[in-house]
Asker: 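Have a look at this one.
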Amino acid sequence: MTDYIAAFASHDKRAFPEGLVSVTAGMGGDGILVFGSEKTALMDCGMAYCGDKFVENIEKALADKGRNAVDYIFLSHSHYDHVGALPYVLERWPEAKVCASEKTKYIFSREGAVRLMKELGESARDEYTNSNTKIRTDGLRVDIVLADNDTVSIGNETIRALETKGHTDCSMSYAVEPQKILFTSESTGVVVPEKAYVSSEILKSMADSIAACDKCDAYAPNLIICPHYGAVPAVFNKEYFKSMKKDAERKKAIVKEFADKGMSEEEILDAYREKMYQPGEQPLSAFLENAKNVIRVMLKEISRTE
């Protein structure tokens, strides 16, 4: 049996293939540039609190490649830790085309959703820094709405959109072709390297997340780039999506255990927090916001299957 823990321990998660460069600027959110033969694409935008540094990192990576512009920005979904620095990037490169799902475009138009992004961005700033940096949410937009299997050319390479709902209804994964490098969404989980498994992050639909896993598994990527982690060891590729589905069942069982004790949703949230929250991994406010949704999804799933 493969020792996956050893594989992760000896693996460099930032060891990307030629043409991919991490421009991540701070904890909690990532950004990766994909240099096509003609165009440059940015995959996600990380956190707002480090937006200025994020832009600096992009400028340096572009200069190293003899380029001066970001042509496309691909958003995996609309959460604050994936779109936070978008206003800063668009201020610097206003001609960049933002690519995302129709639902992401709709969410950007909702005042309440944008207000929550700002609040969570401020919580992240306070968690990770001692600064009072203003958290911007101005100018959030989607220029190119992508549906399942739509493609965008960046030269000899194309970026294919794969609809992967489950974490959110706006979630998309993106495949760089012909290399078959797959940027997964959180609908198919987030790697926990020290334990060599994929944590499920299902906030909307377990069925949709399972379908997203099956779709990405069938795509048979040569390289998986996981949100909030990076490049996954190739030896783990076949285990990746199975691991996420196994963890979803584990979390369902945890919620069921609490529900079977007659706990209310509020009581389950308290118990779930005590069992699952790891300080430092993310702000408590963000954990609780997500945990409420996880619990509701699992309760629905339990009710459906009983």
Asker: Charged N to carboxylate O under 4.0 angstrom, R14 versus D30?
Answerer: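 Result for this pair is yes, salt bridge flagged.
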
Asker: Decide yes or no for I154 and S37: does some side-chain heavy atom of the first lie under 4.5 Å from some side-chain heavy atom of the second?
Answerer: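 Of all side-chain heavy-atom pairs linking S37 with I154, none is under 4.5 Å.
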
Asker: Stepwise, does the side chain to side chain contact (heavy atoms under 4.5 Å, CB included) test hold for T184 with I225?
Answerer: CA-CA 6 Å; T184 56; I225 298 180; over 6 Å; no

Asker: Which pairs pass side chain to side chain donor-acceptor pair (under 3.5 Å) with one or both residues in residues 109-125, sequence neighbours excluded?
Answerer: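 Sorted result for residues 109-125: S123-S285.
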
Asker: Find out whether L182 and C216 are in side-chain contact, i.e. whether some heavy atom of one side chain is under 4.5 Å from a heavy atom of the other.
Answerer: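 L182 vs C216: side chains touch.
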
Asker: Just to verify, what does Y174 make a ring-ring contact (aromatic ring centres under 6.0 Å, His included) with, not counting sequence neighbours?
Answerer: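 F74.
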
Asker: With sequence neighbours left out, write down each residue that passes ring-ring contact (aromatic ring centres under 6.0 Å, His included) with Y277, or none if nothing qualifies.
Answerer: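 In terms of ring-ring contact (aromatic ring centres under 6.0 Å, His included), with neighbours along the sequence ignored, Y277 is linked to F287.
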
Asker: Can you list everything that forms a side-chain hydrogen bond (donor to acceptor under 3.5 Å, both in side chains) with T158? Sequence neighbours excluded, please.
Answerer: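 Testing T158 for side-chain hydrogen bond (donor to acceptor under 3.5 Å, both in side chains), a comparison that skips the adjacent residues, returns none.
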
Asker: With a 4.5 Å cut-off on side-chain heavy-atom distances among I, L, V, M, F, W and Y, is there a chain of contacts connecting V23 to F16?
Answerer: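 Result: no, two separate clusters.
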
Asker: Which atoms form the tightest heavy-atom contact between M47 and G29, and what is the distance?
Answerer: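 The pair with the smallest heavy-atom distance is CG-N, 4.0 Å.
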
Asker: Does D138 CG have over 12 foreign heavy atoms under 6.0 Å away?
Answerer: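 Yes, because the 6.0 Å sphere around CG of D138 holds more than 12 heavy atoms from other groups.
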
Asker: Honestly curious: do L75 and M117 fall in one hydrophobic cluster under the side-chain, below-4.5 Å linking rule?
Answerer: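 Yes, it is one cluster - the side chains of L75 and M117 are joined through contacts under 4.5 Å.
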
Asker: Between atom OG of S187 and atom CD1 of I202, what is the distance when rounded to the nearest 0.5 Å?
Answerer: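 Between S187 OG and I202 CD1, I get 8.5 Å after rounding to 0.5 Å.
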
Asker: Could you tell me which non-hydrogen atom of C99 sits nearest to which non-hydrogen atom of Y72, and how far apart they are?
Answerer: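 Of all heavy-atom pairs spanning C99 and Y72, the closest is SG-CD2, 3.9 Å.
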
Asker: Hey, does the side chain of K180 reach the backbone of Y219 with a donor-acceptor pair shorter than 3.5 angstrom?
Answerer: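 Side chain of K180 to backbone of Y219: a pair is present.
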
Asker: Starting from the C-alpha separation in whole Å, work towards a yes-or-no answer on side chain to side chain contact (heavy atoms under 4.5 Å, CB included) for K246 and V198.
Answerer: CA-CA 9 Å; K246 185 183 298 183; V198 180; over 6 Å; no

Asker: Take S173 and T164 through the side-chain hydrogen bond (donor to acceptor under 3.5 Å, both in side chains) test and state the conclusion after the steps.
Answerer: CA-CA 6 Å; S173 299; T164 49; 3.0 Å; yes

Asker: Indicate yes or no for a side-chain donor-acceptor contact from W93 to the backbone of N68 under 3.5 Å, with no hydrogens or angles considered.
Answerer: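 Here the side-chain-to-backbone pair exists.
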
Asker: CD1 of I210 to CD of E301: how many Å apart, nearest 0.5 Å?
Answerer: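 So the CD1 of I210 and the CD of E301 are separated by 8.5 Å.
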
Asker: Let me confirm one number: the CG-NZ distance from L140 to K105, rounded to the nearest 0.5 Å.
Answerer: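 These two atoms lie 13.5 Å from each other.
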
Asker: Assess the residue pair Y240 and V191 against the criterion (side chain to side chain contact (heavy atoms under 4.5 Å, CB included)); give the C-alpha distance rounded to whole Å, side-chain angles, the decisive distance to 0.1 Å, and a yes or no.
Answerer: CA-CA 8 Å; Y240 188 99; V191 162; 3.6 Å; yes

Asker: Got a salt bridge between D217 and K215, using NZ or NE/NH1/NH2 to carboxylate O under 4.0 Å?
Answerer: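 Salt bridge: no.
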
Asker: Determine which pairs satisfy salt bridge (charged side-chain N to carboxylate O under 4.0 Å, His left out) with at least one residue from residues 32-53, sequence neighbours left out, and list them in order.
Answerer: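 Listed by first then second residue: K53-E56.
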
Asker: Between the main-chain N or O of S264 and the side-chain N or O of E267, is there a donor-acceptor pair closer than 3.5 Å?
Answerer: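 It does hold such a pair.
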
Asker: Assert yes or no for the condition that the ring centre distance of F236 to F8 is strictly below 6.0 Å.
Answerer: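 Yes, ring centres under 6.0 Å apart.
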
Asker: Should Y229 and Y4 be counted in the same cluster of Ile, Leu, Val, Met, Phe, Trp and Tyr side chains packed under 4.5 Å apart?
Answerer: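 Yes; Y4 is reachable from Y229 via cluster members.
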
Asker: Is the backbone of D126 close enough, under 3.5 Å, to the side chain of T129 for a donor and an acceptor to pair up by distance?
Answerer: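 No, T129 side chain to D126 backbone: no donor-acceptor pair under 3.5 Å.
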
Asker: Nearest 0.5 Å, what's the OG-CE distance between S101 and M172?
Answerer: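 Answer for the OG-CE pair, S101 versus M172, is 5.0 Å.
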
Asker: Can you tell me if NZ on K134 sees more than 12 non-hydrogen neighbours from other groups inside 6.0 Å?
Answerer: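 Counting other residues, nucleotides and ligands, NZ of K134 stays at 12 neighbours or fewer.
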
Asker: NZ of K251: more than 12 outside heavy atoms within 6.0 angstrom?
Answerer: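 Yes - once you tally the heavy atoms of other residues, nucleotides and ligands closer than 6.0 Å, there are more than 12.
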
Asker: Got a second to check how far Y128's OH is from M27's CE, nearest 0.5 Å?
Answerer: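 Between atom OH of Y128 and atom CE of M27 there are 5.0 Å.
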
Asker: Taking the side chain as every heavy atom from C-beta outward, state whether T24 and N57 have any atom pair closer than 4.5 Å.
Answerer: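 A side-chain contact under 4.5 Å is absent here.
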
Asker: Take a 6.0 Å sphere around CZ of R273 and say whether it holds more than 12 heavy atoms from other residues, nucleotides or ligands.
Answerer: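 12 or below, so no.
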
Asker: In sequence, state the C-alpha distance, the side-chain angles, and the governing distance for L203 and V294, and then conclude on side chain to side chain contact (heavy atoms under 4.5 Å, CB included).
Answerer: CA-CA 5 Å; L203 308 185; V294 170; 3.6 Å; yes

Asker: Taking the side chain as every heavy atom from C-beta outward, state whether L223 and V232 have any pair of such atoms under 4.5 Å apart.
Answerer: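 SC-SC contact between L223 and V232 ruled out.
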
Asker: If you look only at pairs with a residue in residues 66-77, which of them pass as a salt bridge (charged side-chain N to carboxylate O under 4.0 Å, His left out), with sequence neighbours excluded?
Answerer: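 Pairs touching residues 66-77 that pass the test: none.
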
Asker: Is the centre of the H82 ring less than 6.0 Å from the centre of the H167 ring?
Answerer: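 So the answer is no for these two rings.
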
Asker: Give the minimum heavy-atom separation between I73 and C45, together with the two atoms involved.
Answerer: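 The answer is CG2-SG, 3.7 Å.
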
Asker: If you measure from CE on M43 to CG on L33, what distance do you get to the nearest 0.5 Å?
Answerer: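 One finds 10.5 Å between CE of M43 and CG of L33.
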
Asker: If every non-hydrogen atom of Y80 is compared with every non-hydrogen atom of A124, which pair is closest and at what distance?
Answerer: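 Looks like CE1-CB, 4.0 Å.
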
Asker: With sequence neighbours left out, write down each residue that passes salt bridge (Lys or Arg N to Asp or Glu O under 4.0 Å) with E18, or none if nothing qualifies.
Answerer: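 Only K65 meet the salt bridge (Lys or Arg N to Asp or Glu O under 4.0 Å) criterion with E18.
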
Asker: Applying salt bridge (Lys or Arg N to Asp or Glu O under 4.0 Å), can you list everything that pairs with R296, at least two apart in sequence or on another chain?
Answerer: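 With sequence neighbours excluded, R296 shows a salt bridge (Lys or Arg N to Asp or Glu O under 4.0 Å) to E265, given in chain and number order.
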
Asker: Share the residues that join Y197 in a hydrophobic cluster, the rule being Ile, Leu, Val, Met, Phe, Trp or Tyr side chains under 4.5 Å apart at the heavy-atom level.
Answerer: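 ILVMFWY cluster around Y197 also holds V192.
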
Asker: Mark yes or no for whether D247, through its side chain, and S200, through its backbone, hold a donor-acceptor pair below 3.5 Å.
Answerer: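 Checked: pair present.
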
Asker: Could you tell me which residues satisfy side-chain hydrogen bond (donor to acceptor under 3.5 Å, both in side chains) with K60, sequence neighbours excluded, listed by chain and number?
Answerer: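 With sequence neighbours excluded, K60 shows a side-chain hydrogen bond (donor to acceptor under 3.5 Å, both in side chains) to D64, given in chain and number order.
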
Asker: Enumerate the residue pairs fulfilling salt bridge (charged side-chain N to carboxylate O under 4.0 Å, His left out) with a member in residues 232-245, sequence neighbours excluded, ordered by first and then second residue.
Answerer: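 Only D214-K245 qualify under salt bridge (charged side-chain N to carboxylate O under 4.0 Å, His left out).
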
Asker: I need the full list of salt bridge (charged side-chain N to carboxylate O under 4.0 Å, His left out) pairs touching residues 149-173, with sequence neighbours left out, sorted by first then second residue.
Answerer: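 Pairs touching residues 149-173 that pass the test: K103-D169, R160-E177, D169-K204.
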
Asker: Does the structure place the NZ or CZ of R136 under 6.0 Å from the centre of the six-membered ring of Y88, at an angle of no more than 45° from the ring's axis?
Answerer: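 Yes, R136 sits over the ring of Y88.
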
Asker: Please walk me through it: do S199 and E201 pass side-chain hydrogen bond (donor to acceptor under 3.5 Å, both in side chains)?
Answerer: CA-CA 6 Å; S199 172; E201 305 294 332; 2.8 Å; yes

Asker: Taking all non-hydrogen atoms of both residues, which atom of A15 and which atom of A231 are closest, and how far apart?
Answerer: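 The pair with the smallest heavy-atom distance is O-CB, 4.3 Å.
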
Asker: Tell me whether V152 shares a hydrophobic cluster with L86, the cluster being built from Ile, Leu, Val, Met, Phe, Trp, Tyr side chains joined at under 4.5 Å.
Answerer: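 As far as the 4.5 Å side-chain criterion goes, L86 and V152 are not connected within one cluster.
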
Asker: Any heavy-atom pair between the side chains of Y49 and S131 that's under 4.5 Å?
Answerer: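 Counting from C-beta outward, S131 and Y49 never come under 4.5 Å.
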
Asker: Show the nearest heavy-atom pair for residues A96 and V70, with the distance to one decimal.
Answerer: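 Taking every non-hydrogen atom into account, CB-O, 3.3 Å.
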
